[in-house]
Every structure is written in C-alpha cells, then in structure tokens.
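This is a predicted model, so every value here is computed, not measured.
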Amino acid sequence: MSGGGPSTAMYAKFIARMVLAKAKRRKGSVAAVSVGAGLLAYAVVKFHRSLKAQNPYHTDMQALSAFQMQQKRKKVAVNREFFRHLRTLVRIVLPGPLSKEALVLLSHTLFLVARTFLSVHVATLDGIITKSIVERRVGKFVSYLARWMLVAVPATFINSMLRFLESQLALVFRTRLIKHLYAMYLGPDCNYTYYRVSNLDGRIANVDQSMTDDAARFCSHLAHLYSQISKPALDIIIMCSQLVFRARGGKGGIGKGPFMLGAVAVVGTSGILQLVAPPFGKLVAEQARRDGHLRHMHSRIVTHSEEIGFYGGHAVERNILERAYDSLAAQMSVLYRSRILYVMFEQYMTKYMWSFVGMIMVAIPALRGGGRQSSSSAGDDGGDDGGGGGGG
C-alpha cells in the first residue's frame, strides 16, 4: 500500500525502539517510556486515519445512518410500491407458462375447482337428506346417505391433495427464488456480492436470515395467499349461480340482488378490516429483524468461541444473548396484543356477518320464486271457482 500510512508506521516503530533503548540505558526512566508510548499511540492513530482515507470501499457512515433512519420512517403499506416489488418477485418464482412452477400452479387450480363443485354437490345431498328426514321417507334417506358417504372418499382425497400441492407450490417457489439469490450472491457475475453485502454495505443486517427463513416464509405465504384468494372467489361465483339457477326452476336466470349483496359484504368487510388493522407489515418486519439479530449473536459465539473461552467472556455473551432474546420476546408480545382487536373484528365479520348476509342471499331468490308461484296458484284456483259458479 502506497501513501503516508506505511511510512508513518515505520516512523512509529523507529521512535518506539529508540525510546525503549534509551529507557534501558536509564534504568527506571518512566518518563521516557511514557513519552514513547504516547508517540507510538499518536502514530498508530494517524496510521489508521490514513488507511481510512485511502480505502476506496469505505462506507460513509453518515449516509448509511441517514438511509436507516429513512427506512424506519418509511411506512409499510399495500400500495403501488408493494405491488411493484411483488410483481418482480412473482416473475422470479414463476418464470413462464411452461415451467415446473406453472404446472404445479395449474394442478393446484384444477383441484380447487374440483373441490368447489364437490362442495356444491355435497350441499345438494345435504338438502335432499334433510328433506327426506322431514318427509319421513326412510328409503330415500338411506339411499342419499349412502351417496353422501361415497362422496366423502373423493372429497378427502381432494383436500389432502390440496394441502400437498400448496406445500409443493411453496417448495418450487422457494427453490426458484433460492437459486436466483445464490446466483446473485455467489455466481460468476456476482461482483463479490458476498463480500460487499457483509463488509461494505449495512443495508442488509442479517444476510443468512434473509436467504433462509425470510425466503421460505415469503414463498409459503405466497402459495397460501393464492389458495385463500382463488378458492373463496370461485365459491362465491359458482354457489351464487347455482343458488339463483335452482331458485328459478332451472331456467338459468341470474338476478342482481344476491350478487350485489355479496359484493357489498365483501367490500365492506375489507374496508372495515383495513381501518382496524394495525401495521402488521412493520411489526412482522421488526420481528424478523430481531430474530435475525438473535441468530447472528448465536453464530458469533460459535465463530469466536475460542476467544470467549480464553478471555472468560461467557458472562458478557450470555448477557448479550438474553438482551437479544428479551427484545425479540417483547416484539412478539406487541404483535400478539395487536392482533386481539383485529381478530375479534375479523371473526365477527367473516363468521357472523357473512352468515347473516348469506341467509339473506338464500332467502331473496327463494322468497321471490315462492311469491310468484303462490300468486299463480291463487289465480288458477280463482279461475276454477269462477267457472264453476258461472256454470251453476
């Protein structure tokens, strides 16, 4: 290394040797040793400052601190930036329509459709069985009950395959994402990313946490999110169509009332839950950061176990671990407490309010059809009576 750094170090060593030699000639010369130590310390400090100034990869700590403060002030929300990042990640885990991930996704979709139609068939069997019980028709009850038990076999198979395919979808997503991250981290064109991200750039505090647990959680939640969105949407469309179709005598006319009521219920529930929802994204991100910090503290102990044992620093390291875990436990407690009110509203809206709306959706086409049928029957009866009276 060129510059003033090496010359300063050589100068410091020369001064130290001269002072120590002079101290040996003058036995007990504490002043000389003190002066030499001071000059040596000054030279070492000046040497480190020169290295810091000459290092081209030195990180600007003030800029890094400003970036971290900006990230803390940044609000985590489902906005345009969120969907932009999500679209980028989806393009990575789902590269094309003929990829393995797309085939697993298609299989999962087909099983979701099959379960929806099977649920409609089971609901029809439930209605027929209930009607046979009310009418006290034992033979019909036994026949349709046997059919209901037979339908349970493919139903359980489909449910088991859905769980398997959701796990498999998360696995293939994770495999694709991890390979992409490894190529960026240790690939031939990585440009020493593995070194720069750990030593020169402090924006990612725990790389191992991000590339293992965070990637796995993201892929698992992405696969689960697809199931949770596609299945209810398909259920609403098919069941509303079947409901109105059967209520109108199989003519296929679809009224706007049930659909409008269902849409109002879904949109209203979404709006209310967004109002009462705490910042889950920010809380979960902070929990993941503290979890990664705790993991890093454990790995640091494994790496420096020899130095810790030599200097007897086990008590200090235990204190550091306990503080890291207490910080994680406190954050998890905040997250759990924030879910109390939200879960209460979610359960009320999705379980009771939607059941209330569902009963109204069932009643609207049934009562309309029953009203028209009763009116037509009354008109027919009135015509017969009038004809009989005229003949008499």
Side-chain angles (χ1 to χ4, degrees), residues 104-135 137-169 223-270 346-347 349-373:
V104 176
L105 183 63
L106 178 62
S107 302
H108 189 243
T109 304
L110 293 178
F111 272 93
L112 283 175
V113 175
R115 188 175 73 170
T116 301
F117 282 102
L118 196 60
S119 299
V120 174
H121 183 63
V122 170
T124 304
L125 291 179
D126 289 338
I128 296 174
I129 292 173
T130 304
K131 183 179 179 181
S132 64
I133 293 174
V134 174
E135 294 176 351
R137 300 176 63 178
V138 180
K140 186 177 181 181
F141 169 74
V142 173
S143 174
Y144 279 93
L145 188 62
R147 292 185 185 182
W148 190 84
M149 290 299 297
L150 291 176
V151 170
V153 176
T156 53
F157 171 74
I158 289 176
N159 289 331
S160 178
M161 285 299 297
L162 281 175
R163 293 185 180 181
F164 165 74
L165 287 173
E166 183 177 333
S167 302
Q168 190 68 19
L169 186 63
H224 187 66
L225 181 65
Y226 175 75
S227 300
Q228 294 298 312
I229 291 178
S230 58
K231 176 65 169 59
L234 189 61
D235 286 346
I236 290 174
I237 295 174
I238 293 178
M239 290 188 176
C240 286
S241 302
Q242 290 289 327
L243 176 64
V244 179
F245 180 82
R246 293 180 182 276
R248 300 212 170 177
K251 295 180 180 180
I254 300 177
K256 296 181 179 179
F259 282 106
M260 293 298 294
L261 189 59
V264 169
V266 172
V267 174
T269 301
S270 176
E346 182 186 22
Q347 292 292 321
M349 297 299 296
T350 57
K351 182 177 289 186
Y352 298 101
M353 184 59 70
W354 282 20
S355 298
F356 172 76
V357 174
M359 287 187 285
I360 297 178
M361 293 172 65
V362 171
I364 288 176
L367 293 177
R368 284 181 178 178
R372 286 194 299 269
Q373 185 177 1

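- For the atom pair CD1 of Ile229 and NE2 of His224, the computed distance is 10.5 Å after rounding to the nearest 0.5 Å.
- Of the inter-residue distances, the one linking Tyr144 atom OH with Leu125 atom CG reads 8.0 Å to the nearest 0.5 angstrom.
- Contacts of Ser132 classified as side chain to side chain donor-acceptor pair (under 3.5 Å), with partners at least two apart in sequence or in another chain: none.
- Under the side chain to side chain contact (heavy atoms under 4.5 Å, CB included) criterion, Val113 pairs with Phe117, Leu234, sequence neighbours left out.
- Counting only N and O atoms by type, the side chains of His108 and Glu166 include no donor and acceptor under 3.5 Å apart.
- Pairs of residues two or more places apart, or lying in two chains, that qualify as salt bridge (charged side-chain N to carboxylate O under 4.0 Å, His left out) and include a residue from residues 113-135 are Glu135-Arg137.
- The structure places NZ of Lys231 at 8.5 Å from CG of Leu162, a figure rounded to the nearest 0.5 Å.
- For the residue pair Ser230 and Leu112, the shortest heavy atom distance occurs at OG-CD1, 3.2 Å.
- To the nearest 0.5 Å, atoms CZ (Arg147) and CD1 (Ile129) are separated by 10.0 Å.
- The two residues Ile158 and Phe111 make their nearest non-hydrogen contact at CG2-O, 3.8 Å.
- Among residues two or more places apart in sequence or in another chain, the side chain to side chain contact (heavy atoms under 4.5 Å, CB included) test is passed with Leu150 by none.
- Evaluation of the side chain to side chain contact (heavy atoms under 4.5 Å, CB included) rule for Ala155 yields Leu118 as partners, not counting sequence neighbours.
- Every side chain to side chain donor-acceptor pair (under 3.5 Å) that Tyr226 has, sequence neighbours left out, goes to Thr109.
- One finds the CG atom of Leu105 at 9.5 Å from the CG atom of Leu110 (value rounded to the nearest 0.5 Å).
- Partners of Gln347 under the side chain to side chain contact (heavy atoms under 4.5 Å, CB included) rule, at least two apart in sequence or in another chain, are Val343, Lys351.
- Taking both residues in full, the closest heavy atoms of Leu169 and Ala223 are given as CD2-CB, 4.0 Å, listed atom of the first, atom of the second, then distance.
- Looking only at distances, no side-chain donor or acceptor of Ser143 sits under 3.5 Å from a matching main-chain atom of Gly139.
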